[in-house]
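Working notes, structure below.
A quick note: this is a predicted structure, and the numbers were derived from the prediction, not measured.
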Amino acid sequence: ADALQGADVLDEEEQRLAAIRAHKPIAAEYELDDDNSFFATFDLQRAHRIVLGSGQERHEHVVAGQLKARFELFPTTAAAKAAPKAKLQSMFAPKPYVVRVYVLRGFQLVPKDGNKCNAYLRINVGDAESHTPDDKVLHNTLQPNFYECHEVAAVLPGAGLTIGVWDRMSGIFADQVIGETHVDLENRILSKSWQKIKDKPLELRTLWSPTSKMAQGRLECWIEILDPAAAASTVPLKLIPPPSLDFELRVVIWNTKDVAFRDQNVFGTSMNDIFVAGRFGGDEQSTDTHFRSLNGEGLFNWRMVWPLSAPTRATELTLQIWDKDTLNPNDAVCEAVLDLKHLVRLAYEKRETVRLKQRQWIKMTHPNYEGVQGSLELSVELLTSEDALSRPVGLGRDDPNRDPVLVEPERPGTSFAPWRIDQYFYWFIWKKYKIPAIACCICCLIILIMMMIP
């Protein structure tokens, strides 16, 4: 019986997750796509005269407001003239609606007090409001997992929807708004593209504050606008955070090639002291250094390992090739950002280890230089926590060294640290000028012997 009950709970959880996944994510607000808007918005500008002195002046236009409008052309026949009036009367007749706001997660919130937020939601349509219960406030976080559904009555056309994230203050201090996002509900109920969508898109909306021009975070949500009959016949989806699963991201840095030169040796020869840095989830690791690369190649065989908990939106792996300097700051040669969201999603949904194809080259660039500035060979693997525990590995080339075994790279003899003066003499003087040096030494020896003969 317990086993059957556990299976029922699992089936219910899978159904709930499937219902959430039906809402396809989009990277921004739905209305940013002009094709989705029924109305157009125009800035209303006012001329502003600025006196510059010496009888000179100039005029600037400042935004004084906005106009929301839609323009349509109709034939001039008598029948056609009556159509717009009837259409407008129907369009602007007030009707009751129920607005459901499903909020999943917040990202990169900007705290108002200290380093973290005590985050909760306030949802408003005009005077109607819904908010997070006091016992559900999420404390000490900048990445809150809300998983809340809020239902608010609305009359449309009318007031818009405001979704606010607030910071719960302690003691006598009033709560502060972290940021808000505003939704034009009229635009949506009149938009044919919105009406055609069965499962509304999962939007990633930016939070704004009137006290700052900078974004205050982002919010992952979807919005439903229902007539009273539809609202009464459908139960709001119960949101529960999906179970968090632990994974381990393993990246092997194999080689570099065609790395643009940023340095010269003491003899004026172009070269780089190459190392590779990787950053994931705020943690940065780097390889050892391939000194004195004279052809843009670097040999590493170096493993980097990061823990990862899914689901997550922090899926970007940043890789950078650097030129190491001893006395000056290191030079950034090039970088590439790999978004591993599909890899993470696949591993999470299948509950199994996944990997990119073995050993692939990626091209890397620099914003201040044109074209490709270098290439990096790597392999990427995302392991379940069970597989990671059963097959432990060390960082770099440390033990346990397995899957794959990483051997010390066979770098050329010219790859040596800058403080090895003996190597400088051997590779750049002795190897290059050995015969003249031997001849010079013989000549000096002969002259010395002749000077010693009476």
With rounding to the nearest 0.5 Å, note down the distance linking [atom1] in [X] to [atom2] in [Y].
| X | Y | atom1 | atom2 | value |
| --- | --- | --- | --- | --- |
| E386 | D246 | CD | CG | 9.0 Å |
| Q195 | I225 | CD | CD1 | 9.5 Å |
| L343 | Y348 | CG | OH | 15.5 Å |
| L299 | T256 | CG | OG1 | 7.5 Å |
| E203 | T181 | CD | OG1 | 8.0 Å |
| L317 | W306 | CG | CH2 | 5.5 Å |

One thing to verify: whether D288 and R397 come together as a salt bridge, which I'm taking to mean a side-chain N less than 4.0 angstrom from a carboxylate O.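 Result for this pair is yes, salt bridge flagged.
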Applying salt bridge (Lys or Arg N to Asp or Glu O under 4.0 Å), name anything that partners [X], two or more places apart in sequence or on another chain.
| X | value |
| --- | --- |
| D387 | none |
| E410 | none |
| E186 | K68 |
| E316 | none |

Taking side chain as C-beta onward, heavy atoms only, is [X] less than 4.5 Å from [Y]?
| X | Y | answer |
| --- | --- | --- |
| L202 | E220 | yes |
| F146 | L138 | yes |
| E31 | D184 | no |

Short side-chain to backbone donor-acceptor contact, [X] and [Y], under 3.5 Å:
| X | Y | value |
| --- | --- | --- |
| N301 | V407 | yes |
| N140 | N118 | no |
| D43 | Q66 | no |
| E284 | G282 | no |

Apply ring pair (Phe, Tyr, Trp, His ring centres under 6.0 Å) to Y102 and list each qualifying residue two or more places apart in sequence or on a separate chain.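 For Y102, the residues satisfying ring pair (Phe, Tyr, Trp, His ring centres under 6.0 Å) (neighbours in sequence not counted) are W222.
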Could you pull out all residues at least two apart from T162 that satisfy side chain to side chain donor-acceptor pair (under 3.5 Å)?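 Scan of T162 (side chain to side chain donor-acceptor pair (under 3.5 Å), adjacent residues dropped) gives H182.
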Partner residues of E180 under the side chain to side chain donor-acceptor pair (under 3.5 Å) criterion, sequence neighbours left out: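 Applying side chain to side chain donor-acceptor pair (under 3.5 Å) to E180 gives none.
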For side-chain contact (heavy atoms from CB on, under 4.5 Å), just list the numbers for L142 and C117, CA-CA rounded to whole Å, side-chain angles, deciding distance to a tenth of an Å, and then say yes or no. CA-CA 6 Å; L142 299 179; C117 300; 3.8 Å; yes
Exercise: identify the closest heavy-atom pair between [X] and [Y]:
| X | Y | value |
| --- | --- | --- |
| Y147 | P242 | OH-CD, 3.1 Å |
| F280 | P307 | CE2-O, 4.5 Å |
| V125 | A159 | CG1-O, 3.9 Å |
| V344 | L382 | CA-CD2, 3.8 Å |
| S130 | V152 | CB-CG2, 4.0 Å |
| I253 | F300 | O-CB, 3.6 Å |

Apply the test side-chain contact (heavy atoms from CB on, under 4.5 Å) to residues S293 and V259: give CA-CA distance (whole Å), side-chain angles for both, the deciding distance (0.1 Å), then the verdict. CA-CA 9 Å; S293 173; V259 178; over 6 Å; no
Assess whether atom [atom1] of [X] is packed by more than 12 heavy atoms of other residues, nucleotides or ligands within 6.0 Å.
| X | atom1 | answer |
| --- | --- | --- |
| F42 | CZ | yes |
| N368 | CG | yes |
| H342 | NE2 | no |

side-chain contact (heavy atoms from CB on, under 4.5 Å) between D331 and N272: does it pass, once the steps are laid out? CA-CA 10 Å; D331 299 315; N272 280 327; over 6 Å; no
All pairs passing salt bridge (charged side-chain N to carboxylate O under 4.0 Å, His left out) where residues 295-311 contributes a residue, at least two apart: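 Applying salt bridge (charged side-chain N to carboxylate O under 4.0 Å, His left out) to every pair that reaches into residues 295-311, excluding sequence neighbours, yields nothing.
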List the steps, then state whether side-chain hydrogen bond (donor to acceptor under 3.5 Å, both in side chains) holds for E129 with H131. CA-CA 7 Å; E129 179 179 297; H131 58 81; 4.8 Å; no
Residues which pass side chain to side chain contact (heavy atoms under 4.5 Å, CB included) with [X], listed by chain and number, not counting sequence neighbours:
| X | value |
| --- | --- |
| A64 | R46 |
| L395 | Q285, V305 |
| P201 | I26, Y30, W194, I197 |

Quick one: do H366 and V333 satisfy side-chain contact (heavy atoms from CB on, under 4.5 Å)? Show the steps, please. CA-CA 7 Å; H366 191 291; V333 180; over 6 Å; no
Please list all pairs meeting side chain to side chain donor-acceptor pair (under 3.5 Å) that have one or both residues in residues 369-382, counting only residues at least two apart or in different chains.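 Sorted result for residues 369-382: W254-S379, N255-E377, R262-Q373, R355-E381, R359-E377, E381-R391.
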